[in-house]
Every structure is written in C-alpha cells, then in structure tokens.
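To start, the structure under review is shown below, and the notes come after it.
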Amino acid sequence: MRKGLSIRGYAKHRGVSPAAVRKAVTTGRIKPRADGTLDPSVADPQWAESTDLSKPLNSVTGSPKKRRAPGAPSDPFGIPGPSAGHAPEIAPAGDAARLVASYAASRAAREAYMARIAKLDFEERSGKLVDADGVKAQVFALGRRARDTLLGIPDRLAPVLAGHTDPAVIHRLLTEELTRGLAELTSSIPIRQKQ
C-alpha cells in the first residue's frame, strides 16, 4: 500500500496552500484515509470533480469563490457551519466530470467565436472588409451599365459605318467607340481610398 501525503505534502503536490487542502477536507471535497493522510491517486479526481470552473478562483486557496446573496453576511473562512442549515452538495463523480468538460469546451468555443468577431470587426474598420450585399449591388449595377454601353454601340455606329467601305476606317471608328464606352465605364467605378 502506497504511503499517503500529509496536508502540507498534498498542498505542495496540488500547488495550493495548506489552508485550501484543509478546507477541501473539512467541506468533504476530498476524503482522507483513516490515518488522516491523503492518497493523490484518490484525492486528485475528487478535487477535479468538485471544482466548479465557472466561478472565479480564490487567489489564496485556488478554489472557486462562493457566491453569496446580496446583503448576506460573509463567512471569513467560506465554510458553511451547522448553523447554516445545509450540507455541501456533491454531484455524482461522472456528472461532475462531464459538467466540467462540457463547461470548458463551451467556454473555449465561445472564446474562439469572440476572437473571430473581434478580428472581423478590426478588419472591417481598417478597410480590409466590405459589406458583401453592398458589393453585390455595385457589381450588378456595373454589369448593367456595361451591358447598356456595349449594346448602344451598334445603334450609334450603324449610320456612320453604312457610308464607309474602307476596312481601316471602319476598324478605327469601332476602336474609338469601344474605347470611349470603356472609358465611361471605368470612370463610373467607385474606387475606395485607404483610410
């Protein structure tokens, strides 16, 4: 049988104060052996299962802080006595481990999403991101303007080209009209300046 650790030895093993270990034993969070020593292979899972990660940790004991009702007197030791009228509740071992794992996973997912939102907000404010719906509307309007400009060229050039038989002249007139139409299109494209 493996030798157990004293309160001070277990505190050093956990990296907490001896007062935190005494409190855990007193409140029933961890169970000592019959000789009063603590077996780390038994006490470590008990410590993990009875620790609520959703509460802020006490800087001295490393245990989650207890929340009290507004106006309720504080207990300097944080240990409910017999006059408090209730015993500490201990969830079954499997439930506590699942709750701790579930909370940690939920918290990690939430933090990841918050980081993504912060990154998107930064990129939008710095001008790297634009509104997708606005871009779609602008592209649609530009496409319609390009279509109308190109479809208008035959109507403008047909009477002019009808009197010419020289291919070089027809080529020059077509090139000039296409260049003018494309210049109108490029001048109407909004260019966003960097901020």
Side-chain angles (χ1 to χ4, degrees), residues 5 10-31 38-80 84-147 185-186 188-195:
L5 297 174
Y10 187 71
K12 188 174 181 180
H13 165 77
R14 289 288 312 170
V16 296
S17 69
V21 177
R22 274 190 220 95
K23 181 178 174 182
V25 170
T26 304
T27 59
R29 287 181 58 211
I30 57 175
K31 308 275 190 260
L38 296 167
D39 181 0
S41 63
V42 174
D44 285 346
Q46 291 173 348
W47 186 287
E49 290 170 3
S50 61
T51 300
D52 184 359
L53 295 177
S54 67
K55 296 180 182 176
L57 297 182
N58 184 307
S59 62
V60 176
T61 65
S63 301
K65 293 180 180 177
K66 299 261 191 280
R67 292 199 177 107
R68 56 187 175 91
S74 64
D75 180 3
F77 300 107
I79 303 171
H86 65 288
E89 294 180 18
I90 299 175
D95 290 345
R98 275 195 302 277
L99 287 174
V100 168
S102 173
Y103 175 76
S106 297
R107 181 84 183 253
R110 180 181 180 275
E111 293 300 321
Y113 283 118
M114 294 302 289
R116 288 178 185 169
I117 289 170
K119 180 181 178 187
L120 289 173
D121 185 43
F122 170 76
E123 288 179 348
E124 183 177 5
R125 289 180 187 209
S126 65
K128 290 184 179 182
L129 291 181
V130 293
D131 179 40
D133 292 334
V135 170
K136 287 177 186 175
Q138 287 180 351
V139 168
F140 179 78
L142 183 61
R144 178 171 282 176
R145 198 170 306 124
R147 181 197 69 188
L185 284 174
T186 56
S188 67
I189 297 174
I191 297 177
R192 186 172 176 174
Q193 300 293 324
K194 287 203 172 190
Q195 298 172 348

For the pair Trp47 and Leu38, evaluate side chain to side chain contact (heavy atoms under 4.5 Å, CB included) and give the outcome as yes or no after the intermediate values.
CA-CA 12 Å; Trp47 186 287; Leu38 296 167; over 6 Å; no
With sequence neighbours left out, what residues match Val139 under side chain to side chain contact (heavy atoms under 4.5 Å, CB included)?
Val135
Can you tell me if Asp44 and Tyr10 form a side-chain donor-acceptor pair at under 3.5 Å?
yes
When rounded to the nearest 0.5 angstrom, what distance separates CD in Gln46 from OG in Ser41?
9.5 Å
Can you name the residues that form a side chain to side chain contact (heavy atoms under 4.5 Å, CB included) with Asp121, not counting sequence neighbours?
Arg125
Heavy-atom pair with the smallest gap, counting every atom of Leu185 and Leu142:
O-CD1, 4.3 Å
Arg22 meets the side chain to side chain donor-acceptor pair (under 3.5 Å) criterion, sequence neighbours left out, with none
Residues in side chain to side chain contact (heavy atoms under 4.5 Å, CB included) with Arg144, at least two apart?
Phe140, Arg147, Asp148
Would you give the length of the straight line joining atom NZ of Lys136 to atom CG of Asp131, rounded to the nearest 0.5 angstrom?
9.5 Å
Least distance between heavy atoms, Pro45 atom then Pro40 atom:
CD-O, 4.0 Å
Rounded to the nearest 0.5 Å, how far does CZ of Arg110 lie from OH of Tyr113?
13.0 Å
